[in-house]
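Just so you know, ligand 1 is whichever comes first in the structure, and atom 1 is the first atom listed for that ligand. What you see below is based on every heavy atom in this structure, not just the backbone, and it leaves out hydrogens, waters and symmetry mates. Keep in mind the model is a prediction, meaning the values are calculated, not measured.
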Amino acid sequence: MSMDILVKGGILPDGTQADIAIAKGRFTAVEPGIASDAGRIIDATGKLVTQPFVDAHFHMDATLSYGRPRINASGTLLEGIALWRELKQVQTREEIIARALDYCRQAIGKGILAIRSHVDVTDQSFATVEALLEVRDHVRGVLDLQLVAFPQDGWFRAPGAEAQVIRALDAGVDVVGGIPHFERTMADGTASVRAACELAADRGLRVDLHCDESDDPNSRHIETLAAETLRCGLQGRVAGSHLTSMHSMDNYYVAKLLPLIAEADVAAIPNPLINITLQGRMDSYPKRRGMTRVPELRAAGVTVAFGQDCVRDPWYPLGSGDMLDVAHMGLHVGLMTAPDEMRAAFEMVTETPARIMGLDFGLSPGKRGSLVVLDAPDPVEALRLRPARLAVISDGRIVSTTRPAEVTVDTGF
Ligand code: FE2
């Protein structure tokens, strides 16, 4: 069999062992005992081989800016938005590009090969959009960067924001964004959801809104998003990011809401690292966790992926580009410690976000030749240890290798 790379002896996420042959950027065979004439053989014996990590929710225009021009003292979403406004006034296009590329390299080393990044379009200079379009071109062929036209300061609240969303889409941004809970009134929030869905339907695009990122149980824009998805015929192309208010809603209302979201085939993208640190800030004790109802959404048949959202930016001082950290936090906050739930948490940072973004990843013949070899035997051990990504292959090219750290313990017992 003619091939460029053979990954030998790896264990797939479902526990089966297989060799994987890659030729001309695609998988040509995934089965045990492939005889090799490959130019390059990777010995993955006993190691987990997975499709790439995918981050379905990120902000690449703000990443790695922590401390500039100051830190977020209150730790709240609203101070983060105010701080980002200050940063927008001083950061240059070149600075955004340099930070973004720096982050992309870190993320690729952790096995992330696709990112959906929201990009703030309310900056009148358009520097953020131009910068990220340039970054998208720069990383093409290694990392799939999907951009969302995100009116951070509000679709209607920020003067000219709607026109800026359209301008960004005209310039090549991929997905329609929004932030209904940040509009001045509930009515404006509702109108912004409608406008976003109509715009996406007109242009044949996907929608991904920051939706109900709030502890207010009356923030119910997800209901409108699901209804508008059905009205506009956008089933399967819409995501609601965050949905934190659902944590605080009463069960009776949620019992009606979940089937509506499932009927509309609207995906949910909670961001556990950020939800657990931005929400509950105005509570005394008990403090709410703020993450949306992940097990209940999944049980209702809703597609749920975990996103990362932030790495060292106005909203979050930590983050390392490691989707295993994200899933680790998500399964803790969601109390998802049963074996099948932990395996689901792994899927929620690999297979599920790829599906939401419409990507052709997967470990089967004919799919894109993109995979990650981890220094762990299975998904649950990967979540526990968050081990080295021994090899990262993107479309048939080895783009990163990591040698595991060597530890010598000599205690005498
Ligand atoms: Fe976000």
Side-chain angles (χ1 to χ4, degrees), residues 54-66 72 75-85 87-88 96 100 103 107 112 115-123 128-129 132 145-155 158 161 165 168 173-183 189 192-193 196 206-215 219 221-222 225 238-247 267-279 281 290-292 304-319 321 323 326 329-330 349 353 356-357:
V54 175
D55 185 357
H57 188 115
F58 196 65
H59 292 264
M60 205 173 281
D61 49 4
T63 195
L64 302 182
S65 67
Y66 181 67
N72 180 340
T76 59
L77 170 69
L78 295 181
E79 184 172 345
I81 293 174
L83 179 51
W84 169 238
R85 205 171 293 140
L87 180 58
K88 275 190 284 187
I96 301 167
Y103 175 74
I112 295 178
I115 298 174
R116 175 181 279 180
S117 176
H118 295 254
V119 49
D120 186 359
V121 300
T122 55
D123 163 16
T128 48
V129 176
L132 285 204
L145 181 56
Q146 197 174 78
L147 299 177
V148 185
F150 176 45
Q152 171 74 77
D153 295 330
W155 188 287
V165 169
V173 169
D174 310 280
V175 179
V176 182
I179 184 165
H181 56 277
F182 193 68
E183 302 295 341
S192 77
V193 174
R206 293 169 191 269
V207 177
D208 188 338
L209 304 186
H210 281 67
C211 193
D212 304 323
E213 190 179 5
S214 163
D215 288 322
S219 187
H221 297 294
I222 179 57
L225 182 59
V238 175
S241 281
H242 295 299
L243 307 178
T244 53
S245 72
M246 201 189 298
H247 187 96
I269 308 176
N271 298 281
L273 295 168
I274 306 312
N275 299 154
I276 196 69
T277 47
L278 289 185
Q279 304 306 316
R281 288 275 174 175
M291 193 171 79
T292 195
V304 188
F306 285 135
Q308 183 173 215
D309 204 2
C310 304
V311 169
R312 291 182 57 74
D313 69 9
W315 296 273
Y316 189 56
L318 302 171
M323 294 308 293
V326 173
M329 178 62 78
V349 291
I356 291 172
M357 288 175 63

(request) Just jot down the side-chain contact (heavy atoms from CB on, under 4.5 Å) partners of Q152, sequence neighbours excluded, or say none. (result) I81, W84, D120, T122, F150, I179, W315
(message) Which residues pass the side chain to side chain donor-acceptor pair (under 3.5 Å) test with H59, not counting sequence neighbours?
(response) H57, H210, D309
(request) Please tell me if the side chains of V121 and T128 come closer than 4.5 Å, counting only heavy atoms from C-beta onward. (result) no
(message) Measuring only between side-chain heavy atoms, which start at C-beta, is F306 closer than 4.5 Å to M291?
(response) yes
(request) Taking 2.8 Å as the upper limit, name the protein N, O or S atoms near the Fe ion (ligand 1). (result) H57 NE2, H59 NE2, H210 NE2, D309 OD1
(request) Can you sort out the partners of D208 under salt bridge (Lys or Arg N to Asp or Glu O under 4.0 Å), two or more places apart, ordered by chain and number? (result) R116
(message) If only side-chain N and O atoms count, and only distance matters, is there a donor-acceptor pair under 3.5 Å linking H242 with N275?
(response) yes
